There are 4 protein chains.
Amino acid sequence: MLYIGTVSATGQGIGRPRDRSLDGAILAAARELLAEVGYAQVTMDATAVRAGTSKAAIYRRYKSKAELMFAAGVHGAEANPPADTGSLRDDLFALGARIRADMSAPTAREVAPHVIAEVVHSPEVSQRLRGVFVATERREIEAILSRAVLRRELPVVPTVATVHRMLGGALFFTIMVIDERVDDAELARVVDALVAGIHALVGQT
Amino acid sequence: MLYIGTVSATGQGIGRPRDRSLDGAILAAARELLAEVGYAQVTMDATAVRAGTSKAAIYRRYKSKAELMFAAGVHGAEANPPADTGSLRDDLFALGARIRADMSAPTAREVAPHVIAEVVHSPEVSQRLRGVFVATERREIEAILSRAVLRRELPVVPTVATVHRMLGGALFFTIMVIDERVDDAELARVVDALVAGIHALVGQT
Amino acid sequence: MLYIGTVSATGQGIGRPRDRSLDGAILAAARELLAEVGYAQVTMDATAVRAGTSKAAIYRRYKSKAELMFAAGVHGAEANPPADTGSLRDDLFALGARIRADMSAPTAREVAPHVIAEVVHSPEVSQRLRGVFVATERREIEAILSRAVLRRELPVVPTVATVHRMLGGALFFTIMVIDERVDDAELARVVDALVAGIHALVGQT
Amino acid sequence: MLYIGTVSATGQGIGRPRDRSLDGAILAAARELLAEVGYAQVTMDATAVRAGTSKAAIYRRYKSKAELMFAAGVHGAEANPPADTGSLRDDLFALGARIRADMSAPTAREVAPHVIAEVVHSPEVSQRLRGVFVATERREIEAILSRAVLRRELPVVPTVATVHRMLGGALFFTIMVIDERVDDAELARVVDALVAGIHALVGQT
DNA sequence: GAATAAACGAGACGGTACGTCGCGTCTTAAG
DNA sequence: CTTAAGACGCGACGTACCGTCTCGTTTATTC
């Protein structure tokens with residue numbers, strides 16, 4: 001879900017080459033600890049020990065604990081846009097189901113609050129968040145809405161940001177803040193209401 | 001907005017009574033520092049100095065920095081339910097505007113992420129959050145929806161939780177996560193879509 | 001052994017009179033704790049609780065922890081000069097045995113090091129120590145030596161301070177510093193050597 | 001004079017080696033502060049600042065303030081046994097003069113009381129004290145007495161411990177407890193008495 | 001008998017130091 | 001040049017204790 005990205009250059013060239021297997025070991029160790037003890041209790045020392053390496057190796061790859069945690073909180077950030085289901089309603093449901101899954105991942109639940117805590121202080125984090133994560137979701141929503149227009153379900157594409165807010169917000173808020181699970185029935189209610197809202201936004205009664 | 005609550009007992013009874021003026025001084029100091037330097041940079045020592053007291057006095061009232069920050073992040077938690085505006089749409093707009101204001105407060109923006117970070121680990125925090133903050137908002141929404149039913153705008157009261165998720169979620173997500181401001185026009189779009197969604201939920205076309 | 005003395009005035013006169021039973025309760029509590037946990041681990045709060053009273057009552061009697069500990073470390077400071085045994089050697093042995101007993105008392109062993117730690121910094125403590133404790137012992141030694149002169153064991157009274165240093169020092173050093181017990185045989189050796197030394201000091205071969 | 005010894009392992013081997021220059025800086029800082037403000041007023045923070053380092057570096061070397069103070073109270077513990085002066089009396093005077101100097105050192109006067117305060121509670125401290133400090137002095141006294149036997153001043157070597165008690169005790173007691181200076185005349189009196197006592201111990205009239 | 005004045009218990013208060021912990025950097029030897 | 005190991009500077013945390021204070025209450029003496 002989140003993708004904030006690592007920072008360090010590859011370091012290819014002269015000298016001893018970087019041990020690529022450490023990349024995975026470090027991330028795996030970080031993810032495990034994240035899930036086991038939680039963000040605040042993860043320490044760089046413990047991560048290094050778990051990964052069978054040293055702090056120096058970690059700091060050569062991530063410039064801070066926050067960077068490492070961000071990286072560890074990311075699934076793969078791979079763009080796997082849900083396929084066309086044939087209707088606006090089902091497309092939104094499929095997207096909602098994927099977002100729900102992403103947000104429910106333990107590592108995501110650990111890391112997300114700390115990312116949004118930094119948003120206020122770091123324009124850079126704020127921009128990376130919008131540029132990668134938000135932009136991806138909005139692109140997917142735009143694709144879904146465009147398909148609906150092609151399908152003649154909608155006359156025009158409504159404000160993408162508004163749709164995004166309502167779908168993503170409802171899920172984020174419920175899962176992260178209210179700490180409730182979203183079952184399929186509830187997701188269906190949200191999506192149904194959202195579809196009605198979308199029609200209202202584009203001026204259909 | 002947030003109310004997590006202090007923990008310490010009142011201490012009434014025998015012995016020197018708590019200096020009630022310190023309660024305010026400590027909270028004020030914490031709020032000022034929170035707004036000035038941000039959650040992570042607030043220190044208990046600095047708070048004590050700013051409040052003109054000592055760490056011991058703070059720890060007599062809050063059992064950790066987190067508790068103090070939570071308390072400081074609370075506005076007043078006063079229930080000031082928006083008055084009846086005469087229509088469902090305007091009632092929701094007014095409520096949305098108040099929630100927007102609460103969430104935009106600097107102290108709330110600082111503290112909220114840390115609260116939701118603890119939700120996963122502390123059932124107690126989770127319950128306090130739901131029991132106070134969420135319950136209050138849902139009660140207000142229920143009142144609004146009930147008035148709409150009385151007004152014959154709606155045939156029955158729809159699922160309150162769903163409405164809450166969509167309104168609160170859209171605002172929280174936009175303000176805290178996406179880090180965008182919500183102007184009146186955008187709030188109107190959200191509320192309009194939500195009203196349409198509410199009608200859909202209760203089975204009107 | 002040590003007598004440093006309490007400080008507070010009696011407080012007789014108008015108002016509620018001091019509860020004299022507290023005097024004993026406080027001292028007893030302090031002595032018990034001193035023996036149980038040691039000087040550093042005795043706290044004023046614990047002493048108050050043990051004595052069934054409050055810190056205020058203690059601080060009305062002693063102006064600091066050090067004062068209380070000093071008082072608690074004192075036996076009775078009662079002057080009970082050993083009776084005339086009939087010979088210099090036996091008089092010194094009897095005195096040595098009493099000093100040995102005083103120094104071996106658990107409370108004395110706890111308090112004495114802290115008293116001598118203050119000697120360097122507080123001329124007042126230094127003077128009180130010399131004026132009460134040292135002066136008493138030297139008076140006793142002078143009495144013993146005078147009796148020996150009367151008995152014709154010695155031609156004149158030697159330097160009292162030197163005799164005091166050697167007897168008191170040997171015992172203090174062995175018990176407090178070297179942490180060895182002084183049995184009667186060893187005490188006898190010390191006293192015998194001291195008697196010979198005394199004769200040397202007054203010029204007898 | 002006192003040697004209690006540091007505790008931490010050398011830390012030789014892999015990893016960044018201990019900065020040996022810090023060892024000296026920390027000890028020097030501790031000694032300075034000890035002499036300037038006294039044991040109780042020395043703080044670990046101030047010591048760290050004075051040494052140009054951090055508390056962590058100190059605690060890596062000493063496991064508590066007491067350990068550091070003990071180490072700082074030690075002169076050099078270098079065994080510099082006084083040379084043969086040609087007579088028992090002068091050998092003892094020379095040794096007494098050196099002990100007097102050691103005990104008069106400000107750091108020793110500060111630390112010694114606290115060491116002997118711990119003797120009662122810590123068998124380890126008690127043993128270290130006896131094993132290093134007492135053993136060294138007794139070895140020196142034994143050497144002196146053996147030379148006297150070779151010189152035919154004495155028929156046999158008397159009980160070393162008794163001689164040690166009387167010499168060391170008289171000095172310790174006078175300097176640390178009674179808080180009086182020991183001038184050469186007084187030291188001579190003590191030594192003369194002691195020599196007579198030694199002869200008595202070995203059976204000469 | 002009421003007023004006064006101080007002792008009492010309980011416990012909060014300001015201050016200060018302790019010892020611990022984690023971050024991110026630096027330094028070594030080994031590869 | 002990377003790695004493993006671990007020391008380093010920094011700075012905050014939460015705890016503990018001292019000696020003071022502020023209450024409400026109790027207990028004598030004085031008016």
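Computed from a predicted structure; not experimentally measured. Per chain, numbering begins at 1; letters A, B, ... match sequence-line order.
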B/Thr107 side, atom OG1; B/Glu32 side, atom CD - distance, nearest 0.5 Å: 11.5 Å
How are the rings of C/His114 and C/Tyr39 set to each other: parallel, tilted or perpendicular (split at 30° and 60°)? parallel
Could you tell me how far apart D/Gln41 (CD) and E/dA17 (P) are, to the nearest whole angstrom? 9 Å
Expressed as a whole number of angstroms, how long is the span from A/Ile58:CD1 to F/dA5:P? 12 Å
Table of protein N/O atoms under 3.5 Å from nucleotides 19-21 of chain F N/O atoms:
| unit_1 | atom_1 | unit_2 | atom_2 | d |
| --- | --- | --- | --- | --- |
| F/dG19 | OP2 | C/Tyr59 | OH | 2.9 |
| F/dG19 | OP2 | C/Lys65 | N | 3.0 |
| F/dG19 | N7 | C/Lys55 | NZ | 3.2 |
| F/dG19 | O6 | C/Lys55 | NZ | 3.0 |
| F/dC21 | O2 | B/Arg16 | NH1 | 2.8 |

Among F/dC8, E/dA10, E/dC13, which is the nearest nucleotide to the side chain of C/Ser54? E/dA10
Between D/Arg18 and D/Asp23, is there a salt bridge with N-O shorter than 4.0 Å? no
Whole angstrom value for the distance that separates P of F/dC17 from OH of C/Tyr39: 15 Å
Any ion pair linking B/Arg109 and B/Asp179 (charged N to carboxylate O, less than 4.0 Å)? yes
Between C1' of E/dG11 and CG of B/Asp19, the distance in whole Å: 13 Å
Please state whether the phosphate of F/dA5, meaning OP1 or OP2, lies under 4.0 angstrom from any side-chain nitrogen or oxygen of D/Arg18. no
Assuming nearest nucleotide by heavy-atom distance, tell me which of D/Asp23 and C/Val42 is located more 5' along DNA chain F. D/Asp23
Return the set of residues passing side chain to side chain contact (heavy atoms under 4.5 Å, CB included) with D/Thr53 (not counting sequence neighbours), or none when no residue passes. D/Leu22, D/Ile26, D/Ala51, D/Ala57
Quick check on DNA chain E: between B/Ala57 and D/Thr43, whose nearest nucleotide comes earlier from the 5' end? B/Ala57
Does A/Glu118 come within less than 4.0 Å of A/Arg128, counting only side-chain N to carboxylate O? no
How many whole angstroms separate atom CD of B/Glu67 from atom C1' of F/dC13? 15 Å
Figure out the CE/C1' separation between D/Met69 and E/dA17, and round it to whole Å. 13 Å
Write down the distance between CZ (B/Arg61) and P (E/dG11), rounded to a whole number of angstrom. 16 Å
Please tell me if D/Thr53 has a side-chain N or O lying less than 4.0 Å from either OP1 or OP2 of F/dG9. yes
For C/Val125, run the side-chain contact (heavy atoms from CB on, under 4.5 Å) check against C/Ile116, C/Val115, C/Val120 and tell me which one passes. C/Val115
Does the side chain of A/Arg60 get closer than 4.0 angstrom to OP1 or OP2 of E/dC26 through an N or O atom? no
